[in-house]
Chemist: 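Could you have a look at this structure, given as structure tokens, before my questions?
Throughout, protein chains are lettered first and strands after them, A, B, ... in sequence-line order, and every chain is numbered starting at 1. Everything quoted here is computed from the prediction, not taken from an experiment.
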Amino acid sequence: MLRRVAARPPMSPRRCWLVKSEPDAFSFDDLLAVPDRTTAWEGVRNHQARNFMRDGMRLGDPVLFYHSNAAPPGVAGVCRVVREAYPDPTAFDPRAPSYDPKSRREAPTWLMVDVQAVAPLPRYVALDALRANPALEGLELLRRGSRLSVMPVTPTHFDLICRMGALGRGALR
DNA sequence: GCCAACGTTGGC
DNA sequence: GCCAACGTTGGC
């Protein structure tokens, strides 16, 4: 019996994302080692990044995991959204570095999503390789002064970066 | 560790 | 609402 499984209407392209993490703090390998290979993306304290999580990120959306402040910086792996935006409890915790006294439980300012590791990129895709690929023109990450920690990536760019990382098709989508 | 490029804060 | 000072991000 045929069963309809499409999670979103036809012609609605799946959105893709990129998140940054400093590997010294939390690397893609760390994500692979965590129970369920799933973590809450806590601590985002930028409104635009928050809005992407709140308004854009949907269950199942694929996400590139980027290592910032690394040597070299680059894309280390792929994960996916496994829980949509919900309040970030670290904003309520006075001892947390990301504590925000202005965020109240009744009206949380800051949200987070859960992401689950899908697969590491067999070949790490370093930032200079991204910059060297003309087909990646327009990638938000490469914009001068870009500092967003959560940003959208077009499906075309997403697929290309996966291919640059030698990730076999079918790991996603 | 340096510093450019941002975002935020707060005085006015 | 302007804008200078300050803090943070993140490549190098």
Chemist: In terms of the angle between their ring planes, are A:His47 and A:Trp110 parallel, tilted or perpendicular, with boundaries placed at 30° and 60°?
Modeler: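 Ring orientation of A:His47 relative to A:Trp110: tilted.
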Chemist: What is the distance from CZ of A:Arg45 to C1' of B:dG7, rounded to the nearest Å?
Modeler: 15 Å
Chemist: Please pick, from B:dT9, C:dG10, C:dC12, the nucleotide with the shortest atom-to-atom distance to any side-chain atom of A:Arg131.
Modeler: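 The answer is C:dC12.
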Chemist: Is the shortest side-chain N/O distance from A:Tyr66 to OP1 or OP2 of C:dT9 below 4.0 Å?
Modeler: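 For C:dT9, neither OP1 nor OP2 has a side-chain N or O of A:Tyr66 closer than 4.0 Å.
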Chemist: What is the ring orientation for A:Trp41 with A:Phe65, classed by angle as parallel under 30°, tilted 30 to 60°, or perpendicular over 60°?
Modeler: perpendicular
Chemist: Distance check needed: C:dT9 P versus A:Leu141 CG, whole Å only.
Modeler: 16 Å
Chemist: Out of C:dG10, C:dG11, B:dT9, which nucleotide sits closest to the side chain of A:Arg147?
Modeler: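 The listed nucleotide nearest to A:Arg147's side chain is C:dG10.
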Chemist: Tell me: CG of A:Leu148 to P of B:dT8, nearest whole Å?
Modeler: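 The answer, rounded to whole Å, is 10 Å.
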Chemist: Between A:Arg83 and A:Tyr86, is NZ or CZ placed under 6.0 angstrom from the six-membered ring centre and within 45° of the ring axis?
Modeler: yes
Chemist: So how far is it from A:Lys20 NZ to A:Ser149 OG, rounded to the nearest 0.5 Å?
Modeler: 7.0 Å
Chemist: Starting from P on B:dC6, measure out to CD on A:Glu140 and report it in whole angstrom.
Modeler: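 Atom-to-atom, A:Glu140 to B:dC6, this comes out as 10 Å.
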Chemist: Taking NZ, NE, NH1 and NH2 as the nitrogens, is one of them in A:Arg45 or A:Asp88 under 4.0 Å from a carboxylate oxygen of the other?
Modeler: yes
Chemist: Output yes when at least one side-chain N/O atom of A:His67 is less than 4.0 Å from OP1 or OP2 of C:dG10, else no.
Modeler: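 No, because none of the side-chain N or O atoms of A:His67 sits under 4.0 Å from OP1 or OP2 of C:dG10.
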Chemist: Let me know the distance between CD of A:Glu22 and C1' of C:dT9, rounded to the nearest Å.
Modeler: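 Interatomic distance, CD of A:Glu22 to C1' of C:dT9: 8 Å.
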Chemist: Please determine whether a side-chain nitrogen or oxygen atom of A:Lys102 lies at a distance below 4.0 Å from atom OP1 or OP2 of B:dT9.
Modeler: yes
Chemist: Please report the distance, rounded to the nearest Å, between CG in A:Leu142 and C1' in C:dC12.
Modeler: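 Computing the A:Leu142:CG to C:dC12:C1' distance gives 16 Å.
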Chemist: Give a yes/no on whether any side-chain N or O of A:Lys20 is located under 4.0 angstrom from OP1 or OP2 of C:dT9.
Modeler: no
Chemist: Over how many whole Å does the gap from A:Arg143 atom CZ to B:dG7 atom C1' extend?
Modeler: 13 Å
Chemist: Assuming nearest nucleotide by heavy-atom distance, tell me which of A:Asn69 and A:Gly145 is located more 5' along DNA chain B.
Modeler: A:Asn69
Chemist: I need the CH2-C1' distance between A:Trp110 and B:dG7, as an integer number of Å.
Modeler: 11 Å
Chemist: So if I take every side-chain heavy atom of A:Asn46 and compare against C:dC12, B:dG7, C:dG10, which nucleotide ends up nearest?
Modeler: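 Side chain of A:Asn46 sits closest to B:dG7.
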